[in-house]
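We count ligands from 1, going down the list as the structure has it; atoms in each ligand are counted the same way. Every heavy atom of this structure was used, including side-chain atoms; hydrogens, water molecules and symmetry mates were not.
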Amino acid sequence: MKAVTIPTPGDADSLVLADVPDPLAQPGEAIVEVAAAGVNRADLMQRMGFYPPPPGASPYPGLEVSGRIVELGADTQDAGFEVGDEVCALLSGGGYAEKVAVPVGQLLPVPRGVSLVDAAGLVEVAATVWSNVFMTAHLQPGQVLLVHGGSSGIGTMAIQLSREFGALVAVTAGSAVKLDACRELGAQILIDYKTQDFVQVLREETDGYGADVILDVVGAKYLQRNVDALAANGRVVVIGLQGGRTGELDLGVLLAKRGAVIATSLRARLAREKATIVKAVREHVWPLVEQGRVRPIVQERLPLNRAADAHRILEASDHIGKVLLTI
Ligand SMILES: NC(=O)c1ccc[n+]([C@@H]2O[C@H](COP(=O)([O-])OP(=O)(O)OC[C@H]3O[C@@H](n4cnc5c(N)ncnc54)[C@H](OP(=O)(O)O)[C@@H]3O)[C@@H](O)[C@H]2O)c1
């Protein structure tokens, strides 16, 4: 089969489409013939050599796909899937390829009303947002969520889901166009992080209250300011380190607020933990997608042989929502 490989880590041109052996279905796994793969910022980190695949994962990039099941390995009879089913899948790697092996616990049916291709852009963002904002940070109806990078793939899902659960959503983004897109998705407090201080604006817009939950993709650079922006008993969940990994925090502020700073990674979780998250996504998120209340936001669909261009789009950060590779 063809897959996008990374012979030498580096810039976008280090992605090389090559002939590689087909994946084999291990017990508990399905082989999915890929229709489309989602592009994630983590893929760029892997390409540059900063985010190696976890042990046992495919060496090729790609954390999510949609496609058709073409084979089921041993011990998959109770999974509820058949050969020929259209699915999307959460992966530890290997999505930029014509075929990929997936533990059956990480498969989801393609939601009714979503095209097979666009379904590739749902599963990683839905699993990340559901596991962090709802399972870990326990956002409640009526609470305030601050999402950094509201127009990102992750951000566009966080806004829609939290709006559906009755939260007040605040976002940061780097331009008026992006903030406008966030407003259309349901964000009510819009902060241009390039020209405004998010702590100050959030305080003003919430009458001094702050955020119950902050979904953070910046890390060190925002650590103190995120805690400053928290309401009492608030939770910061760090899922990205785009602003560095080593920061300084006045623990007195965190203590006075009885706050928490949590950091998580979806990719590094065990298959059984991923299966628990995928099951929760199917139960809580998929019905909203099938009702048309939450949708994949797709900026661009490019063929697999243009993976380098897809990475350049994410690097330029002019996109809103997801970039997909089609097979
Ligand atoms: N831990 C996990 O399990 C997990 C899982 C999935 C994703 N992630 C992380 O989540 C983040 C988003 O992923 P993605 O694939 O959706 O990528 P993406 O679409 O490329 O989004 C990156 C976002 O970061 C925003 N950003 C950068 N610097 C910022 C700053 N100083 N303040 C506010 N926003 C800033 C960008 O906003 P502008 O374009 O407006 O500058 C952009 O919206 C990445 O950091 C990724 O690594 C983590």
Flag the pair Arg293 and Glu164 as a salt bridge only when some basic side-chain nitrogen lies within less than 4.0 angstrom of an acidic carboxylate oxygen.
yes
Answer yes or no: is there an ion pair linking Glu124 with Arg41, defined by an N-O contact shorter than 4.0 Å?
no
Quick check on ligand 1: any N or O pairs to the protein under 3.5 Å? One line per pair.
unit_1   : atom_1 : unit_2 : atom_2 : d
ligand 1 : 1 (N)  : Ile239 : O      : 3.0
ligand 1 : 1 (N)  : Thr264 : O      : 2.8
ligand 1 : 3 (O)  : Leu266 : N      : 2.7
ligand 1 : 15 (O) : Arg41  : N      : 3.2
ligand 1 : 16 (O) : Gly153 : N      : 3.1
ligand 1 : 16 (O) : Ile154 : N      : 3.0
ligand 1 : 19 (O) : Gly153 : N      : 3.2
ligand 1 : 19 (O) : His319 : NE2    : 2.7
ligand 1 : 20 (O) : Arg41  : NE     : 2.7
ligand 1 : 20 (O) : Arg41  : NH2    : 2.9
ligand 1 : 20 (O) : His319 : NE2    : 3.3
ligand 1 : 24 (O) : Gln242 : NE2    : 3.1
ligand 1 : 31 (N) : Tyr222 : OH     : 3.1
ligand 1 : 32 (N) : Tyr222 : OH     : 2.7
ligand 1 : 34 (N) : Gly149 : N      : 3.4
ligand 1 : 39 (O) : Lys178 : NZ     : 2.5
ligand 1 : 39 (O) : Ser317 : O      : 3.4
ligand 1 : 39 (O) : Ser317 : OG     : 2.8
ligand 1 : 40 (O) : Gly174 : N      : 2.7
ligand 1 : 40 (O) : Lys178 : NZ     : 3.3
ligand 1 : 41 (O) : Tyr193 : OH     : 2.4
ligand 1 : 45 (O) : Gln242 : NE2    : 3.0

Is the shortest side-chain N to carboxylate O distance from Asp228 to Arg225 below 4.0 Å?
no
Six-ring centre of Phe198, Arg203 cation under 6.0 angstrom, axis tolerance 45°:
no
State whether Glu33 and Arg68 are salt-bridged, where the test is any N-O pair (Lys NZ or Arg NE/NH1/NH2 against Asp/Glu carboxylate O) under 4.0 Å.
no
Under 3.5 Å, is there a donor-acceptor pair between the side chain of Asn132 and the main chain of Thr128?
yes
